Each structure stands twice: as C-alpha cells, then as structure tokens.
*Asks:* 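What follows is a single structure, and I will ask about it in a moment.
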Amino acid sequence: MGSLPPPSGIQTVDISPLINGNDPVARKATVEKLVEAIHVQGACGLVGHGIPVKRMREAFDWSRKFFDLPHEEKAKANHPKGIVPHRGYSGIGREKCLIYTEEELKNMSGELAAEFRKPLDFKEHYDIGSDGELVHYNLWIDEVALPGFRTWAQGYYWQMEDLSKVVLEAMLDGLDIDEEAKKYILKVHTGHQNGLRLMHYPSAHESTIDRSSLTWCPTHTDFTTYTLLMQDENQGLEIEDRLNPGTFLQATTEIEDRLYLTIGDFGEIWTNGYLPASKHRVIIPRAKDGSEITPKRYSMPYFITPRHDGIAGPQPTGKCATLPSGKYKTGTIQEHIEFRMKYQY
C-alpha cells in the first residue's frame with residue numbers, strides 16, 4: 001500500500017507541545033507537522049497556542065471600543081502620508097492593500113494610471129508597534145478618549161510577540177536549516193519591528209456594493225516573515241488554494257480560539273519557497289437571513305517583521321535546499337518593504 005498524499009486544505013495544528021510540554025519527541029512531531037502544513041498552502045490554523053479565549057475576547061472588546069470612538073478622536077492619531085511611521089489610524093479607503101509586479105511599479109508615476117488600478121479595500125484600521133521602536137514610532141489617541149487602551153495594547157502586543165518567537169523557532173527547527181542561519185534569522189527578529197493591527201470591516205447596504213471593484217481587502221501577500229491572525233465570528237478571510245491557483249479556501253471561524261498563520265514575503269524568500277507566501281483576501285459576505293445589510297467584521301493580525309537592516313536571502317540548507325535555486329534575490333528588508341509600500345499610502 002502506497003503512502004497517502006498530504007492533506008490539501010488549510011490544516012489546523014495543535015502546537016500545545018511547543019507551549020506546555022518538555023517532550024522532545026512530541027516537539028519534533030509538532031514542528032514537522034507545522035512545517036509540512038505550511039509547505040502545502042503557505043498557511044495553517046493554530047490551536048493550543050496558550051492565549052486564553054477570555055484574553056482574545058477582551059482584545060476584540062478594546063478594538064470595538066476604539067472604532068466606536070468619534071472620527072475626530074481617531075483622527076488625532078492619523079497615519080501620516082508616506083510610509084514612516086507605519087503607525088496610527090487609517091480611515092476607510094486610506095490604504096491600498098495591493099500586489100503589484102516589479103514591471104507594473106516601474107511603469108507607474110505619480111497617481112496610479114487607470115490600467116494599474118485594482119479593487120479598492122473597504123476597511124479602517126489602527127497600527128500599533130513597540131514603544132521601543134524609534135523609526136516606526138507609535139501614534140496614540142488621547143488617553144482620556146479611551147482610558148486604559150494604551151496599557152492594554154502594549155501588553156497584548158508583547159504577549160503575541162512571546163508566542164511568535166515560539167512559532168518562529170519551531171518553523172526553523174522543522175526546516176532543518178544550518179544552525180548559523182537559524183541564529184541569524186532569530187537575531188534579526190527582535191520583536192520591536194512587529195506590528196499589531198486592529199481592523200474593522202464595516203457593514204454596508206447590499207445595494208451600494210459593487211463586488212467587482214470593492215472588497216473588504218483585495219488579494220495580497222504580507223511583507224512580513226509571517227502573520228498571526230485573530231478574527232471574530234464573521235466569515236470573510238479567504239486563502240488562495242495553492243493546489244488550484246485562482247481559487248480560494250475559506251478560513252472558517254467555528255473554532256473561536258484558532259489563530260491563522262500566513263507566511264509573508266520574507267518567509268518565502270528565506271526558505272527558498274519551501275514555505276510559500278500566502279495570497280489571501282477578505283471578501284464582503286452576503287447579508288444574512290434576508291437582511292439587506294452585510295455583517296461587520298473585526299480581526300487582529302500580528303505582523304512578524306525582521307529588523308530593516310536585516311538581509312533576506314534563500315537558505316541553501318535543510319528542506320530549503322530541496323527546491324531549485326536562483327528564483328529569489330538577496331537584499332535588505334528595508335529595500336523590499338519600500339518596494340511594496342511605494343503605492344500603499
């Protein structure tokens with residue numbers, strides 16, 4: 001009897017042996033399962049991650065309170081025009097969350113020409129980072145507008161960072177890469193360059209929605225090493241099926257404490273494509289139960305990003321070496337981020 005093919009959908013991996021256990025056999029089995037799940041689709045679900053449901057619900061409570069503030073309060077922390085600092089509040093339509101090829105970008109100048117415009121996104125969000133980051137420094141709303149918000153945000157940011165380190169180390173172990181390369185990748189992930197984003201996708205009347213030109217968030221990859229996403233009960237996130245390009249798999253919401261892990265551009269580059277960047281989108285779902293109003297949605301991605309002076313290049317050892325070389329260039333993190341953000345704000 002031959003071996004069975006790997007599962008083809010978005011797998012969910014229980015990582016509790018990485019969080020709570022000291023069993024090396026269980027750890028090895030978990031890191032291998034994690035890496036192989038991501039290898040197939042560039043994404044997977046995570047449970048057993050150690051963040052209690054109560055804590056996740058509290059995070060969404062804070063997010064709702066923030067977005068319920070009057071616009072003039074949120075606007076006091078507006079994201080600036082340009083890419084530095086990549087922090088603060090972005091209102092609906094402010095960010096262009098798009099993927100452009102290098103050829104498309106070279107042919108652009110000034111405002112986007114009509115032939116380069118892609119579907120616009122329909123969301124508002126607030127970007128938070130480490131208060132220890134000096135370049136992409138935080139832009140806070142007034143404490144009196146939402147007392148306790150800043151304290152909660154910094155606490156949750158670093159709780160997610162603790163988890164992200166565990167997951168990053170597990171992925172590197174599962175890839176069997178050279179020890180020096182592993183040390184370097186861990187070194188350039190200090191936690192200070194990461195980002196926590198509070199996202200609100202508003203409801204809308206069905207009659208106002210043209211789904212050919214408007215989405216909650218168009219198809220894109222993240223310019224991160226990887227992303228951990230928490231979402232509420234309202235469906236919207238879809239991940240491209242790498243086994244059937246152009247079709248999408250729903251990131252379902254029936255497991256309340258499940259996080260979704262999606263690989264970003266740097267994760268793909270460093271692993272020579274063994275962990276491929278996940279193309280994903282957030283669609284506007286149809287109104288439910290005969291209503292003419294679509295449901296609103298909240299989500300909270302945590303972006304794991306290396307130091308901007310770090311170097312990203314394909315690793316030639318371990319599982320990364322099983323794929324052909326020559327596809328990926330070696331360059332600085334900053335160069336790639338500037339390339340991706342050129343027409344984002």
Side-chain angles (χ1 to χ4, degrees), residues 10-19 30-31 33-35 37-39 41-60 62-63 86 97 125-130 152-174 185-186 189-199 217 220-232 236-239 249 251-253 255-268 270-271 275-282 297-306:
I10 304 171
Q11 301 172 59
T12 294
V13 181
D14 180 357
I15 63 169
S16 56
L18 309 178
I19 305 297
T30 301
V31 300
K33 184 175 182 179
L34 177 65
V35 164
I38 302 169
H39 175 59
Q41 291 292 1
C44 71
L46 298 180
V47 295
H49 45 68
I51 299 182
V53 169
K54 182 179 179 181
R55 181 73 164 151
M56 297 171 75
R57 291 173 181 168
E58 178 189 48
F60 280 126
W62 278 110
S63 182
H86 189 33
C97 191
H125 63 265
Y126 184 63
D127 286 303
I128 301 164
S130 162
W152 163 78
Q154 283 294 288
Y156 197 73
Y157 177 96
W158 287 107
Q159 185 173 13
M160 290 299 294
E161 163 57 11
D162 290 342
L163 172 60
S164 76
K165 283 184 177 178
V166 172
V167 174
L168 178 59
E169 189 160 359
M171 288 192 290
L172 295 175
D173 286 345
I185 293 172
L186 290 173
H189 287 83
T190 69
H192 290 290
Q193 289 73 41
N194 296 347
L196 175 67
R197 174 173 284 190
L198 280 55
M199 304 187 75
C217 187
H220 65 284
T221 61
D222 296 335
F223 42 94
T224 63
T225 301
Y226 71 101
T227 302
L228 293 173
L229 175 77
M230 180 173 74
Q231 59 180 350
D232 71 5
L237 175 64
E238 295 187 337
I239 295 170
L249 302 166
T252 58
T253 62
I255 302 175
E256 185 178 2
D257 65 342
R258 174 167 50 195
L259 301 174
Y260 279 97
L261 183 158
T262 56
I263 292 294
D265 296 346
F266 302 125
E268 176 170 341
W270 261 314
T271 66
L275 302 183
S278 165
K279 287 185 180 180
H280 50 281
R281 66 187 185 185
V282 185
R297 177 177 182 268
Y298 295 89
S299 70
M300 203 171 296
Y302 185 77
F303 301 116
I304 293 88
T305 307

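Along the sequence shown, residues are numbered consecutively beginning with 1. Every value quoted in this text rests on a predicted model; they were computed, and no experiment measured them.
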*Asks:* Working to the nearest 0.5 Å, report the span between CG of L46 and CG of L163.
*Replies:*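 Atom-to-atom, L46:CG and L163:CG are 7.5 Å apart.
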*Asks:* For residues L275 and E268, determine if any side-chain heavy atom of one lies less than 4.5 Å from a side-chain heavy atom of the other.
*Replies:*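 In short, these two side chains do not touch, never coming nearer than 4.5 Å.
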*Asks:* My understanding is that only residues two or more places apart in sequence, or in another chain, count here; which of them pass side chain to side chain contact (heavy atoms under 4.5 Å, CB included) with Q159?
*Replies:*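 Q159: side chain to side chain contact (heavy atoms under 4.5 Å, CB included) contacts with I51, P52, R55, Y156.
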*Asks:* Which heavy-atom pair separates A59 from M300 by the least distance, and what is that distance?
*Replies:*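 Heavy atoms of A59 and M300 come nearest at O-CE, 3.5 Å.
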*Asks:* Does H49 have any ring-ring contact (aromatic ring centres under 6.0 Å, His included) partners at least two apart in sequence or in another chain, and if so, which?
*Replies:*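 For H49, no residue satisfies ring-ring contact (aromatic ring centres under 6.0 Å, His included) once neighbours in sequence are set aside.
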*Asks:* Closest approach of A153 and I128, non-hydrogen atoms and distance?
*Replies:*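 It is CB-CD1, 3.8 Å.
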*Asks:* What distance do M56 atom CE and E256 atom CD have between them, rounded to the nearest 0.5 Å?
*Replies:*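 Here the rounded value is 7.5 Å.
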*Asks:* Is there side-chain contact between Y126 and R197, with at least one heavy-atom pair below 4.5 Å?
*Replies:*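 Not touching, per the 4.5 Å side-chain cut-off.
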*Asks:* Rounded to the nearest 0.5 Å, what separation is found between the OG atom of S63 and the CE atom of M199?
*Replies:*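 Here the rounded value is 10.0 Å.
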*Asks:* For the atom pair NE2 (H86) and CZ (F223), what is the distance rounded to the nearest 0.5 Å?
*Replies:*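 Between atom NE2 of H86 and atom CZ of F223 there are 4.5 Å.
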*Asks:* Quick one: closest heavy-atom pair of N194 and S164, and the distance?
*Replies:*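 For N194 versus S164, the nearest heavy atoms are ND2-OG, 4.2 Å.
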*Asks:* Any side-chain heavy-atom pair from I38 and Q11 closer than 4.5 angstrom?
*Replies:*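 I38 vs Q11: side chains apart.
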*Asks:* Hey, is E161 close enough to K165 for a salt bridge, meaning N to O under 4.0 Å?
*Replies:*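 So E161 pairs with K165 through a salt bridge.
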*Asks:* For residues V167 and Y226, determine if any side-chain heavy atom of one lies less than 4.5 Å from a side-chain heavy atom of the other.
*Replies:*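 A side-chain contact exists here, since the closest heavy-atom pair is under 4.5 Å.
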*Asks:* Got a sec, which residues hit side chain to side chain contact (heavy atoms under 4.5 Å, CB included) with T12, two or more places apart in sequence or on another chain?
*Replies:*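 Side chain to side chain contact (heavy atoms under 4.5 Å, CB included) check on T12 returns V47, R258.
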*Asks:* Got a second to check how far L228's CG is from T262's OG1, nearest 0.5 Å?
*Replies:*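 Rounded to the nearest 0.5 Å, the CG-OG1 separation comes out at 8.0 Å.
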*Asks:* Report yes if some heavy atom in the side chain of P276 is under 4.5 Å from a heavy atom in the side chain of I263; otherwise report no.
*Replies:*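 No, their side chains stay 4.5 Å or more apart.
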*Asks:* For a quick test of reading the model, state the closest non-hydrogen atom pair linking I10 to Y260 and the distance between them.
*Replies:*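 Nearest heavy atoms, I10 then Y260: CG2-CE2, 4.0 Å.
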*Asks:* If you measure from OG1 on T224 to OH on Y302, what distance do you get to the nearest 0.5 Å?
*Replies:*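 Between atom OG1 of T224 and atom OH of Y302 there are 12.0 Å.
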*Asks:* Before you tell me yes or no, could you show the steps for M230 and D257 under side chain to side chain contact (heavy atoms under 4.5 Å, CB included), namely the whole-Å CA-CA distance, both residues' side-chain angles and the distance that decides it to 0.1 Å?
*Replies:* CA-CA 8 Å; M230 180 173 74; D257 65 342; over 6 Å; no
*Asks:* Looking at residues at least two apart in the chain, or sitting in another chain, which of them share a salt bridge (Lys or Arg N to Asp or Glu O under 4.0 Å) with D232?
*Replies:*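 Residues passing salt bridge (Lys or Arg N to Asp or Glu O under 4.0 Å) with D232: none at all.
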*Asks:* For residues Q193 and T190, is any side-chain donor paired with an opposing acceptor at under 3.5 Å?
*Replies:*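 Checked: Q193/T190 side chains pair up, N/O donor to acceptor below 3.5 Å.
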*Asks:* Checking F266 now: which residues fulfil ring-ring contact (aromatic ring centres under 6.0 Å, His included) with it, not counting sequence neighbours?
*Replies:*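 In terms of ring-ring contact (aromatic ring centres under 6.0 Å, His included), with neighbours along the sequence ignored, F266 is linked to H336.
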*Asks:* So do the side chains of I239 and K279 get within less than 4.5 Å of each other, counting heavy atoms only?
*Replies:*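 Answer no - side chains too far apart.
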*Asks:* Could you tell me whether the side chain of M171 reaches within less than 4.5 Å of the side chain of L34, counting heavy atoms only?
*Replies:*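 Yes, side chains in contact.
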*Asks:* Of all heavy-atom pairs between G42 and S278, which one has the smallest distance, and what is that distance?
*Replies:*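 That would be O-CB, 3.3 Å.
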*Asks:* Can you find a pair of side-chain heavy atoms, one from T30 and one from L18, that are under 4.5 Å apart?
*Replies:*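 SC-SC contact between T30 and L18 confirmed.
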*Asks:* At their closest point, which heavy atom of P301 faces which heavy atom of T227, and how far apart are they?
*Replies:*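 Residues P301 and T227, closest heavy atoms: CB-CG2, 3.9 Å.
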*Asks:* Check side-chain hydrogen bond (donor to acceptor under 3.5 Å, both in side chains) between H189 and all other residues, then give those that pass, not counting sequence neighbours.
*Replies:*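 Once residues adjacent in sequence are excluded, the partners of H189 under the side-chain hydrogen bond (donor to acceptor under 3.5 Å, both in side chains) criterion are T225.
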